[in-house]
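Below is one structure, written out as structure tokens; comments come after it.
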Number of protein chains: 2
Amino acid sequence: MESPRKRATMTDVARAARVSLQTVSAVINGKPGISEPTRERVRSVIRQFDYHPNGFASSLRARRSFTVGVVIPTITNPYFPEFVRGLEDVAHRQGYSVFLCNSDHDQSKEINYLQLLRRHRVAGYVVAYGLSNSEGDRILAELAADGIPVVTLGTRQLHPRAVTLLADDVHGTKRITTHLVELGHRRIGFISPPEGGDVHRHRLAGYLGALEKAGIAAEPALIAPGDFSVKAGQRGAARLMKLGHPPSAIVAANDLVAIGAINALRRMRKRVPEDVSVTGYDDIPLARLFHPALTTMAQPVHEMGTAGMAALLARIKDPKLTGEAIRFKSKLLVRESTAPPLGPPG
Amino acid sequence: MESPRKRATMTDVARAARVSLQTVSAVINGKPGISEPTRERVRSVIRQFDYHPNGFASSLRARRSFTVGVVIPTITNPYFPEFVRGLEDVAHRQGYSVFLCNSDHDQSKEINYLQLLRRHRVAGYVVAYGLSNSEGDRILAELAADGIPVVTLGTRQLHPRAVTLLADDVHGTKRITTHLVELGHRRIGFISPPEGGDVHRHRLAGYLGALEKAGIAAEPALIAPGDFSVKAGQRGAARLMKLGHPPSAIVAANDLVAIGAINALRRMRKRVPEDVSVTGYDDIPLARLFHPALTTMAQPVHEMGTAGMAALLARIKDPKLTGEAIRFKSKLLVRESTAPPLGPPG
DNA sequence: TTGTAGGCGTTATCAC
DNA sequence: GTGATAACGCCTACAA
């Protein structure tokens, strides 16, 4: 068992290149004021020694880190890979690395992650759909007090100093529900996001708003509780179709739920969209490839990621920048999973 | 604009708690030898000061970090979220954080990431499907020389000191191709993984092996070049079906490719599986929800992640452990996308 | 451009 | 359990 070789330090490099320590530092950090021959000589020694700067030492001394923390519910929800890719692309382009944390919507896990990220002294935080509680607010306030930028993805502005990526859930849900109304549907079921959250409130408001605008009375039985999983779609659809007077269309909380619902409907020998129309939300990459292709509200998820990270890095670089809300528009994509109702409406 | 408050240091905590510095350190790191009342007093001051240990200082001094680097092609390929979740779950349980890097199969990007991770002094590396080139081998060798554990996910053991998560691609592809043969197919197309890689070699070997075993002559025209994308499936299927004598079944490189192929076939008014059978690979979460549900080889992706991270952390904790190959078995799942050919075979 | 000195916030190692 | 002291590897400031 050979023991690990000793790593070269900046001092070693400086000595071998016959320059001062700060010259090496300047070369590494691309600072001006070093002649080209010197630069090359230093670089050559760096290669020769296979020297890699120690990020800990540098971050400790310079009091800044080139890392950011990203906390999402779970990367296995197809919504988030796109978002994370957007974040990560921009971060990497500017030399930042990303800590990925899956909170599973679990509050204690989320807090635990935030503590961990604090130890790592990340330069900024991106938190997607989380922290809607007093403990979370406290942490956000502390970060703000420390002057550490925070970007959240969600439905409301959590903190005046945080950047919030705002999805237009109310409008979006209203829009897609209205699409069903326009097709002639009158009995429209709703498989809701997890209760208690803002998304639930907003989406529900959009759904109810569309019905009201159409002069359709809302019916509690047509609202099935759910979350963002395939299983919720299966259960929700089963529950709705068991009703004495089942809906002719279902508004699902997202594409995954819609897929689950369509799956359940198929097992009940219901055709989509002939017997029941189903809508999704998000436009995950596979939505258009499904059969039937999903009618859904597309969110510019990747762009939300790039814009979010850009805003975060801008604030890391210039702490004087203030919080803001960046609004993103979702867009109705009518595909195959919705159609006019077959029988006479009502 | 309030300026960021000054962070408390360990010294501050020690002073306020009227204990020595090392007592604070011991409390934080859960070391024995401190009385319970003292512990509580220290903890109370920590809370009061909202003190968070500085990971840089600690890592610099102790020469160890609680971070690992994960390099994958792209998290937007649905194969990887499951894998990454597996990795991350285990890492987090042991107090480690994960740097996520998307290399996009781009060699220079991959190398760039590895450099970055070296600066961060990550305690270990997980590299999925990458580094099959001399530069990569060099880096791996260097890491090994530094005594830094590496886990790779792929098809061959890259380095005797690395842990390799081995998928049984040859056998798996042979198995699923044989499934088609057993259904009665004789003309079986193949949409291949990217050429030049091991996966390509292995999968192709499996495909050809199954044909040979069945006494079917391989036909170059039935092998369409591709990669792991939906688009590759669309293109590959289009190309195969344009043949004078098109295949009655298609073996796709993975589920995404299969989905693309099915999509293209549908646009050509071919029914799956009646007119053409299509197989996938991986069993991504949505594979069973597709219509038709995909016949595919399931890989225990999440488990590959948990096992991989467990192996990595074990080696971080005990550098004397040697490299090994961990083999994972894939499993044939026959669902709806395959069926016997309609017409007379041949 | 150079060289030197000091310090970032920990951990480690002594002796006590 | 305390206290003092020396690193860890780098950045910054200053004088030259």
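Nothing here was measured: the structure is a model prediction, and the numbers come from that model. Convention: sequence-line order gives letters A, B, ...; per-chain numbering from 1. Quick note: numbers below take in every heavy atom, side chains included, and nothing from hydrogens, waters or symmetry partners.
- Under the 3.5 Å distance criterion, with hydrogens and angles disregarded, a donor-acceptor pair is assigned to the side chains of B:Asn112 and A:His92.
- B:Gly33 comes within 4.0 angstrom of sugar-phosphate atoms only, judged by non-hydrogen atoms across all strands, and of no base.
- Contact check, A:Ser59 against D:dC10: no side-chain N or O comes under 4.0 Å of OP1 or OP2.
- The CG atom of B:Asn54 sits 13 Å away from the C1' atom of C:dG7 (whole-angstrom rounding).
- At least one donor-acceptor pair under 3.5 Å links the side chain of B:Asp318 to the backbone N or O of B:Lys320.
- We find that CZ of B:Arg63 is positioned 13 Å from C1' of C:dT10, with the value rounded to whole Å.
- Between the side chain of B:Gln22 and the base of D:dG1, no donor-acceptor pair under 3.5 Å is found.
- Between B:Ser25 and C:dT11 there is a side-chain N or O to OP1 or OP2 distance below 4.0 Å.
- For A:Leu60 and D:dG9, the CG to C1' distance is 9 Å, given to the nearest whole Å.
- Between the side chain of B:Asp50 and the backbone N or O of B:Arg47 there is no donor-acceptor pair closer than 3.5 Å.
- Residue B:Ile34 is the one, among B:Ile34 and A:Thr9, whose nearest nucleotide of DNA chain D lies closer to the 5' end (criterion: closest heavy atom).
- One can place CE of A:Met10 at 13 Å from P of C:dT2, the figure rounded to the nearest angstrom.
- We find that NZ of A:Lys31 is positioned 15 Å from P of C:dT2, with the value rounded to whole Å.
- Distances shown here put every side-chain N or O of A:Ser20 at or beyond 4.0 Å from the OP1 or OP2 atom of C:dG3.
- Residues A:Ile34 and A:Lys31 share a closest heavy-atom pair of CG1-O, 4.2 Å.
- Put simply, the side chain of B:Val68 does not reach to within 4.5 Å of the side chain of B:Phe99, judged on heavy atoms.
- A sub-4.0 Å separation between OP1 or OP2 of D:dG1 and a side-chain N or O of B:Thr38 is present.
- The distance from atom CG of A:Leu21 to atom P of D:dT12 is 13 Å, rounded to the nearest whole Å.
- Each of B:Ala62 and B:Arg41 lies near DNA chain D, and the nucleotide nearest B:Arg41 is the one positioned closer to the 5' end.
- Distance CZ (B:Arg61) to P (C:dT11): 10 Å, rounded to an integer number of Å.
- Distance B:Arg39 CZ to D:dG1 P: 8 Å, rounded to the nearest Å.
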